[in-house]
A.B. asks: 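My structure is below; once you've seen it, I'll send some questions.
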Amino acid sequence: MTELRIPKPGDAIVEGTIARWLAPDGAAVGEGEAVYLLETEKVELEIEAPVAGILRHVGVEGETYPVGALVATIE
Amino acid sequence: MASDLGRDGLRSLYRKMATIRAFDVRIRRGLAAGEFSFSYWPVEGQEAIPAGVSECLAPGDLWVTTYRGAGDAIAKGVPLRELAAELLGRSAGTSKGKGGAMGLQWPEAGLAAATGIVGAGPPIANGLALAAQLRQTGAVTVVSFGDGATSIGAVHEAMNLAATWQLPVLFLCQNNLYGEGTPVEMYTRSRHFSDRAAGYGIPGATVDGTDPQAVYAAAREAVERARSGGGPGFLEAVAHRLQGHYFGDGMRYVDAERLKQARANEPLGRFRALLLERGALGAAELDAIDAETSAAVADAVAFASRCEGPPAAELLVDVYARRSDDGSLAAAAPPAPAPVGPTQELNLAAAIRQGLEQAMARDERIVLLGEDIHDPVGGMFTVTQGLSTRFGAARVRGTPIAETAIVGAAIGAALAGLRPVAELMFFDFLGVCLDQLANHAAKLRYMSGGRSSVPLVLRTTEGAWSGPQHSQSLEAWLMHVPGLKVVCVSNPYDAKGLILSAIEDDDPVVFIESMAMFFDPKAVAAVPEAEYRIPIGRAEVRRAGSDVTLVSWGNTFRHALAAAEEVAADGIGAEVLDLRSLLPLDLEAILASVAKTRRLVIAHSATRFCGPGAEIAATVSAELHGQLAAPVARLGSAFSPVPHAASLEALHHPSPASIAEALRRTLG
């Protein structure tokens, strides 16, 4: 199982928001496929699947989480 | 563009590019998934540049890179596991996790230095190349920097010096079209950066940095010319950066259409198609290389992830070559017995000159660098007079008026194993070379996890009678820099013994001399003709006393001693300490004396506010709390620039009279 955690896109960033899921819960995603749109104070960033597999949402769309928080898994 | 590379060469180019790409993709993927977090500057789109340049280098050639250096490091042969571990901040990393992407160094493969400061690499590359030139090793130094660095003075100082001295350097400008988040056309009217090389008498070329064979061909011409004594070259390789300045950069400053085109034409895929089309390498072979490089990258990141971060004890390791038990500062050598044998009456300038001359006569590694240090001038204060005549212009090198280039060249030469002694004519010029000194000389040991050593001496002068910009005492600035050592001499005897110690020290030493003392007949002293060493980090009790401790150094020390003699007539016994070294600071000697006298006066010509005296006073107050019979008195310069008018300058610094008054007041 591969975890997707809130990244730190920029030295000063401490939290990020799941602005929108780009792949639904339970979807089969391919490697490099966009999973969610991350919104931070500095940028919006499409986060891609690091591996292929079944996506499981852990975080909630619209919610803000600290850097390092688990927001999805890929099985 | 075709090249003379055979199948092996083409395979090597492809393998390097594929490895760089796979590494960059894997790191960014891990960062995006929150698998790990650190600052990272992507290299996608620029893979062909380090691949092509490295292909024409010999194993002994050197490379200086930047924070966007992962591609350079891989192409130069830094092992992937140690590279990944460094980025992840693990103790198995190239720098034990202390340097990160900005501190990638792997001297074993010729990656001599990296810097996180834009444009700071070229001055250092010159020093590496100078060492190669002096030793006739035939090694060429490549220094890569981005297009943004072409705007900073350090690069221009370095290009001019390299051209003047015909150093074997390749200035490699990786023009990725954006200086961080600013497009090239917004910050220059230069059409090609290589045009600027012509202004310095350096051959320049601009190539397509997405074509590895074009890069290889252009780099080879410059490298071969440099290797055969033809001096430096400048190669601008243009390749659109396909990712942000840093991971997480949204690239809102990029022309979307131009980026789309660059991505459609990305260099690895294009090179692969070319190799297939020409029948140079087959699909199966290329697929095999892709699989191997992906597996190697996966292994490297998995290895790094398994590794531990550096242990807590590492915090204070690698700041200095040696460290004391508390880890904070290098332990001083024990005091040496005074040398016996004949002496000469020498002034300060002559004593330092004698130390330099004796050291140079027996140690070929010592080279001198500085403005006007060569004959007939022999230095602004004649300290180096006669040395270029005796040792030759190759070892006593008069430089352009370019302090960043001077200190950078000293750093590079020191990294390469020489013992450079650079001269900064006046202390006030510290501001024009402070980045090289504080960010590089002082930090490269730490940033390399102890792999690198910067044993240089920077001689400088505390001015006097020279107004606001040539008379300052700036030792407090430098005492705030971990990694530096700072020495400030008060007499010719110490000066000779300390310059010899400074040259032999494995850490960078700033050696402060005094303009007021150089030629003062009252400051002449008996100096042994033989060599002797005074340990750095040891204060000296110059006058014994039991009523009050008086701490000073440099030219002000002479005023302190005069003040102590003056108050002796009043029956006040002042014990006078000459610190000699300010970093490391001999707090032990100060505390031992104050424990006895219970009173402390500190006098220095550095600004009193936040001056070195504040640190000394704070330490004494903490360590001897309750034992002091009077408040600690601190004398320093007024909080003003040093005035030109003699009448005002006399009020600026502590004087024998003001120090004597402080002694009397302290005795109440």
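Please read these numbers as outputs of a predicted model, since none were measured by experiment. Residue numbering restarts at 1 for every chain, and letters A, B, ... go by the order of the sequence lines.
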A.B. asks: Quick one: salt bridge (Lys or Arg N to Asp or Glu O under 4.0 Å) partners of A/E3, sequence neighbours excluded?
C.D. replies: A/R5
A.B. asks: Is the CD atom of B/E308 crowded by more than 12 outside heavy atoms at less than 6.0 Å?
C.D. replies: no
A.B. asks: Using a 4.5 Å heavy-atom cutoff, which residues in residues 242-257 of chain B come close to chain A?
C.D. replies: B/Y246, B/F247, B/G248, B/D249, B/G250, B/R252
A.B. asks: Under 6.0 Å from the CZ atom of B/R263, do we count more than 12 heavy atoms belonging to anything else shown?
C.D. replies: yes
A.B. asks: Within residues 31-45 of chain B, which positions have a heavy-atom distance to chain A below 4.5 Å?
C.D. replies: B/L31, B/A32, B/A33, B/G34, B/S37, B/S39
A.B. asks: Could you work out, with side-chain contact (heavy atoms from CB on, under 4.5 Å) as the rule, every residue matching A/E44, not counting sequence neighbours?
C.D. replies: A/L37, A/E39
A.B. asks: At a heavy-atom distance under 4.5 Å, which candidate from A/D11, A/L38, A/V71 has the highest pair count against chain B?
C.D. replies: A/D11
A.B. asks: Can you tell me how far the CZ atom of B/R29 sits from the OG1 atom of A/T2, to the nearest 0.5 Å?
C.D. replies: 11.0 Å
A.B. asks: Checking heavy atoms, do the side chain of A/I6, its backbone, both or neither come under 4.5 Å from chain B?
C.D. replies: backbone
A.B. asks: With a 4.5 angstrom heavy-atom cut-off, is it the side chain or the backbone of A/V67 that approaches chain B, or both, or neither?
C.D. replies: side chain
